[in-house]
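Note that this is a predicted model, so its numbers are computed, not measured.
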Amino acid sequence: MNVVLITVIVLALLGGVASIILYFVAQKFKVFEDPKIGEVEAVLPGANCGGCGFPGCHGLAEALSKADDISGMGCPVGGAEVMSKVAAILGKEVAASAPKVAVVRCNGTCANRPRLLNYDGARSCAIQSAHFAGETGCSFGCLGCGDCVSACTFGALGMDPETGLPVVDGDKCVACGACVKACPKGIIELRNKGPKDRRIWVSCVNKDKGAVARKACSAACIGCGKCAKECAFGAITVENNVAYIDFTKCKMCRKCVAACPTHAIHELNFPPRKAEPAEAAPEARN
Amino acid sequence: MLKTFSIGGIHPAANKLSAGSAIQALPVPEVVKVPVAQHIGAPAQPVVAKGDSVKVGQLIAQSAGFVSANVHSPVSGVVDKIEDFVDGNGYRKMAIVIKVEGDEWLESIDRSADIKREITLEPADIVKKIGEMGLVGMGGATFPSHVKLSVPQGKVCDALIINGVECEPYLTSDHRLMLEKGEEILIGVSILMKALNVAKAYVGIENNKPDAIDHLTRLAASFSGITIQPLALRYPQGGEKQLIDACIGRQIPSGKLPIDVGAVVQNVGTAYAVYEAVQKNKPLIERVVCVTGKTLARPSNFLVRIGTPVEKVIEAAGGVPDDCGKVIGGGPMMGRAFTHLDVPVIKGTSGILLMSKAESQRAEPSNCIRCAKCVSVCPMGLEPFLLAKVSAKGLLDRAEAEHIMDCIECGSCSFTCPSNRPLLDYIRLGKGKVGAILRARAAAAKK
Amino acid sequence: MNKLTISPSPHVHGGDSVKRNMYGVIIALLPAWATSLWFFGLGALAVTLISVASCVLIEFLIQKFVMKVKTTICDGSAALTGLILAFNMPSNLPWWIIVIGALVAIGVAKMTFGGLGQNIANPAILARVFLLISFPQQMTSWPKPGQLTSYADAATGATPLGLMKEALRDGKSVSEVADLPSTTDLLLGNMGGSLGEVAAIALLIGFVILLVRRIITWHIPVAVLGTIAVLSAIFYLADPSAYPSPLFHLLTGGALLGAIFMATDYVTSPMSHSGMLVYGFGIGLLTFIIRTFGAYPEGMSFAILIMNMLTPLINTYFKPKRFGEVATK
């Protein structure tokens, strides 16, 4: 009985002394942190994807709390919803930004863009592009090694084995931009998600002259400018032999899609056309 | 014991198939494509326009900056166009396309076969001349030669090392050059010695070329200060750092240049080009190219005008074999695979290697078994398995701390790996990224 | 013309492979195995077959049904683990203990970490230590050599190291230890012990095979054996009656098997030559300490296991000699 008593007393004393030491040490080395940082961090998604450009959600929370003007910052994952909550906590104004989604701007499928070579190095787009332009005649298009897929932490990207191109799952994509950074060819772009998830974009970034681009890939933008002429809103520009649709100006009329001779302009999530002949509406792929 | 470098190294099968074939001059093609960027550094600026007629040896593109090199017309004819062409990597680069008419040389070039031993130019003029004639390192690195010969203020060079190692398997162009143009090479070496004001030069040759060692040793007796240094067979002995270590036993510290240990390295091909440039006034317009491969009909060594399509050179050696799966510019260890064969021969094309389909495929990589063989063979004393891993994961700080920038990309690690892991592919990726960070840091420090 | 292949350099490969290395080690183990068949007969054969078969089967089952990846049983690594595990067992061990050992080696030590190349401890040694602690009686009753047709029913005896430990504990001096085999027997392997550890000459032949085929470098085995030899020599010279000779230390127990075949396991040994020397020294030191002052007569497996755990640390602090670190030769 005595042994048990002594044990309990000794342990209790040790615990007491330790807690007193700990209390003073904690007081002495206390780091002051704005409590708002914690509050902001609690609203952020906590994925630590780095899409905002800061090292993780804590980094963004800290930057948001310190900055006077937070309109330049934002969580691409949480979007406007999260940012409005953040703005409420911090009492600051936030610019409303439209939700975005990653879009792959290459339609160089195995059928459209014949493989002239066989790349046998490490399966990495970054490595391949450092040495070679690619397996096809197009030196701008997708290399197909899937660096974007491995960069995506949300499982929103996958390689389509049939086309050899990455496919974005619009529901899972949070527009963090990791794939945009990972792609050595700069093919992936973050574009407005669009009303009812409807999007129109030029699925090509080939800057070669029309004939050269067309020879390498039957789905290449040849820079003919027909789409730009068709567009009533001035949303389309042709620069360096490739067309680009400004998604802030595009009104989703879909006239450019029909005008493109190489079917390089893609539409997604639109209802099927009524009167038009079938071949004028290319099958949309994202 | 023969001398060699101190750390690591491998023994790939030599396969010197074309060693017995004398250098033949290849007929001038009908059209040449002369890229303006055949060297490390800024691309040269064209000084001719479409429709101009040019003679052999005429300047057609002017060096743009200190680290850059002049480009001369390898043929006589008319400039057809100046436009982008798809280079061996598949990217577009600028080239001057010349339609050949006759073979009219500039009169200033001495085309006689006489050997001119007397060196009349002063050191500064030699370096200037070498720069004017567009000389670059002929071993494959294509670093402008005049830059290497301009010793920076406060640095002293006391040893010139001539690279006659040719440690790459298959290649024989330097070997043949040493056998056939031995005296010219040694005069070239003497010119380089005069330019650098050094008393000693070492010509390093691996002992798998005993005929070249004998031949040059006999000739060197009549030259002062040139030692022919036989070396034990080991790849990558032709690496600049390894060669200096092997010949004179000095190791270049991390991040330093050969000149920091008092050495300058030049290739035997460069020494020959120096002879021709300084004594014969001939710019760098042709070079010896070794065309080889196990299934090629006639592995040979050709004297080829710059700008000749690789396809033509292969045709002269018997044409592309049916089972060819890969064509490499350079040797199998460090050469680059061509994406197509309409690529011009450039100043750095030391060889064209055709590999059969079976040879050209890499085996499937498997897990790293941590056997440490890559560490044993790395000639720079690095840990390739670790560098490849941190590069793949993007841990660039760690890669820098593990001396990734010291990697000479010799490929010994990938060659040795029992798991067939593409170690060098990933190390190069990391090296490129770390290099960019270092350059950015240096630029920021300047400001 | 064919489609051309493009890839970064190098475009040639030396032809070395995981298979060549694994089967190379197995070949180097064959002389020792043949010797144990000679001394322990059917028992050795049975233990080896059960061990190898269960290791390969367990690896196959785990890769096929648990990890759902391509099976790699043909690369020889599982068979090698099985063989080395068998070498670490007495030749009369019941089959079910062997299967448990194989399960620990492949299932616990290797596959839980991700398979070949990922494990932190040598699978065969972890299994041996597990069995030694779990089944001390079965794992330490070694059959006497020469009973060629018996398996589980063989008459058993102690190992020379065990005899020595017991005698010294009882206060006897080294020269008084009874029943010790002669040096010739030690060299040939004519003594009690785990089935693969007894044949000194055969193991050394294996060492030569490994070196000639460049499967391992000399660093680890020489460091291990050198450390044991030097330490035991110091103690032996100080008091020959209380401490056995260096030769006895080197030729008995798992010293040779451990130093040549188990400490040199690629995955769990350091990557640089200087690191390998430190690692080997550590194993030698720990082995000697356990043998001389510990409760167990043999300490090789514990020593290797402990140094396995230190390998990442050794890798951090012992880097290869970088080119250019010395200014001149």
Side-chain angles (χ1 to χ4, degrees), chain A residues 48-50 55 108 113-153 178-179 181-186 205-213 215-217 220 240-242, chain B residues 83-93 324-330 334-343 355 357-365 368 384 388-389 391-394 396 409 411 413-414 417 419-436:
Chain A
N48 291 321
C49 66
R113 193 171 55 144
R115 299 300 190 254
L116 309 173
L117 295 156
N118 164 29
Y119 173 71
D120 189 36
R123 297 308 292 171
S124 151
C125 305
I127 290 173
Q128 190 183 163
S129 79
H131 292 87
F132 304 105
E135 295 175 309
T136 67
C138 170
S139 56
F140 299 90
C142 177
L143 296 171
C145 289
D147 277 13
C148 49
V149 176
S150 14
C152 183
T153 45
C179 52
K181 276 184 213 146
C183 179
K185 297 281 188 186
V205 292
N206 191 321
K207 291 181 183 139
D208 281 332
K209 289 198 183 95
V212 179
K215 199 181 154 209
C217 175
N240 293 325
N241 302 311
V242 58
Chain B
E83 61 161 22
D84 286 355
F85 77 108
V86 179
D87 75 357
N89 304 326
Y91 289 109
R92 284 175 189 281
K93 294 278 158 61
C324 175
K326 196 189 244 181
V327 181
I328 298 159
M334 293 186 74
R336 279 184 160 236
F338 286 131
T339 55
H340 63 112
L341 298 184
D342 189 23
V343 181
M355 292 183 115
K357 257 204 156 126
E359 282 176 298
S360 57
Q361 293 295 320
R362 289 186 181 180
E364 192 73 20
C368 170
K389 197 161 128 190
S391 299
K393 292 193 169 168
L396 300 179
E409 304 183 20
C413 48
S414 299
C417 182
S419 294
N420 291 295
R421 297 185 70 74
L423 295 168
L424 181 55
D425 292 8
Y426 282 102
I427 295 174
R428 260 202 219 98
L429 177 71
K431 204 180 152 189
K433 287 182 183 166
V434 172

Problem set entry | Which portion of A337(B) sits near chain A, non-hydrogen atoms under 4.5 angstrom | both

Exercise. Relative to chain A, which segment of R421(B) carries a heavy atom at a distance below 4.5 Å: side chain, backbone, both, or neither?
Worked result: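 Nothing of R421(B), per the 4.5 Å heavy-atom cut-off to chain A.
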
For this session: Return the minimal non-hydrogen interatomic distance between Y91(B) and F132(A), and the atom names on each side.
Result: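 The pair with the smallest heavy-atom distance is OH-O, 3.1 Å.
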
For this session: Flag the pair H340(B) / L116(A) as yes when at least one side-chain heavy-atom distance between them is below 4.5 Å, and no otherwise.
Result: no

Exercise. Are any non-hydrogen side-chain atoms of H131(A) and D425(B) less than 4.5 angstrom apart?
Worked result: no

Problem set entry | Option that, when pairs with chain A are counted at under 4.5 Å, heavy atom only, ranks first among K326(B), R336(B), R428(B), Q361(B) | Q361(B)

For this session: Give a yes or no on whether K389(B) atom NZ has more than 12 heavy-atom contacts from other residues, nucleotides or ligands under 6.0 Å away.
Result: no

Exercise. In residues 120-130 of chain A, which residues are in contact with chain B at a heavy-atom separation under 4.5 Å?
Worked result: D120(A), G121(A), A122(A), R123(A), S124(A), A126(A), I127(A), S129(A), A130(A)

